[in-house]
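Have a look at the structure below, then the notes.
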Amino acid sequence: MTEQRSTKQLSEWDHRHLWHPFTQMQEWETEEPVIIERGKGPYLIDTKGNRYLDGTSSIWVNLHGHRHPVLDRAIKTQLNAIAHSTLLGLSNPPAIRLARELVRLAPKGLTRVFYSDDGSTAVEVALKMAVQYWQQARPRAGPKNSFLHLKLAYHGDTIGAVSVGNIELFHARFKPLLFPTLEADPPYCYRCPLKLTYPSCALACLEPVETILRERHRELAGFIIEPLIQAAAGMITQPPGYLNRVRELCTKYDVLLIADEVATGFGRTGTLFACRQERVTPDLMAVSKGLTGGYMPLAATLTTEPLYDAFLGKYEDFKSFFHGHSYTGNPLGCAVALANLDVFRKERTLARLQPKIRLMTRLLRPLRQLPHVGDIRQQGFMAGIELVTDRTGKSPYPLEARIGHRIAQEARKRGLLLRPLGHILVLMPPLSTDAKTLARMVDIVSRSIVSVTTPKPSA
Ligand SMILES: *Cc1c(COP(=O)(O)O)cnc(C)c1O
């Protein structure tokens, strides 16, 4: 079959049989899909041979570029041994070695690794561990079954993760299925609910958080938070000191701190884990996206020895953690995750990233002058550009305007793939992206914003 015919055939089959995530399929069926067949470094290549820059690291997972020889080889080598065996009642070398490596690199005090498959399941594991921990650690105290989280939070799409989430558009209709939680305002400085400015605010937004903890800690198992930046919430960055204060408050009120590092983990914020930057050790930490360098679905929930100890006992005490998945500790995933950590060492990924983080700041600065750019937020190599209809009133574009989507469509024509969050554009390139390519990405973003937001002269 010629390339053209096969693309047409695939496109027809896609429209007939596939159901895409977070996608209005009625619209999808009228559009010609971009079918990605290959990748190389920061590029994705479709079935027609068009090359696109991967501006969101294939939804926040890719770190060292596509087809990295070390990562490719790790999977091939592991395949010569075995593709999969279970961790239920058995073990395997890559899972053991990776657990040891993760503990070595994680915030000090996290000593135990529980595997699962994706960010959502890593969060589910953390929530269930937290609840069971309190039942077994303090059997005579009242039930601690509830969770505190920030408004606008996103921790995944399974029911537990949605319960601790708060994105109206995604979550509202599932309310009847969700368990009740407590919510606090996020430190959204651009739209500060207290109308204050950092640093003169002295993190006043933590006072309501403390009030909730003081009044409700007896029922709270944990406080789940994305450290340093709430990514899917709209790239909402936290002011310095915020996470550290959250850690202190959780300790003070005996509530477990659950760090969701699914988006921030593995260098995305400039350090291997975001918690590092505030010298914080959470009680539970969920990782996934970057864990395998964007190669395989794999996740882990890390925890401390005291938490782990509460699950020990004789079999008939039934204190085991009754949870696991078919592919838990998958050897292919663990092998490529080990190779991912190896690449960080061999290529000095984090050291080489620092000047590129500063370059991203410099490149994005002129975009602040664009009349519809309200705010630009950056944490490490993650950036969000918030678009507004007018800058003085900070009025967001209505969802129906699909401003982010339209700009992404424009960027695609110019060779850059983006996936915005409503009216917030996200730029999250692979960590390996070089300076020239980064400059090209920001240039395309800038031109695409101008092209879509500049009123066309009426005919
Ligand atoms: C993506 C994400 C999740 C969910 O991960 P999946 O692999 O999509 O299930 C959870 N938390 C955060 C912070 C994320 O960015």
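Just so you know, ligand 1 is whichever comes first in the structure, and atom 1 is the first atom listed for that ligand.
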For the rings on [X] and [Y], is their centre-to-centre separation under 6.0 Å?
X	Y	value
F273	F266	yes
H217	Y253	yes
H64	F344	yes

Which is it for E101 and R345 under the salt bridge (charged side-chain N to carboxylate O under 4.0 Å, His left out) test, yes or no, and what are the steps along the way? CA-CA 12 Å; E101 275 301 283; R345 262 187 301 268; 3.1 Å; yes

List the protein residues in contact with ligand 1, where contact means a heavy-atom separation under 4.0 angstrom. W60, D118, G119, S120, Y154, H155, G156, E226, D260, V262, A263, K289

Does the pair F321 and F114 meet the rule for a ring pair (Phe, Tyr, Trp, His ring centres under 6.0 Å), with working shown? CA-CA 10 Å; F321 187 50; F114 191 98; 5.2 Å; yes

Hey, mind stepping through R191 and E386 against salt bridge (charged side-chain N to carboxylate O under 4.0 Å, His left out) and telling me if it holds? CA-CA 11 Å; R191 299 179 186 280; E386 179 159 347; 2.7 Å; yes

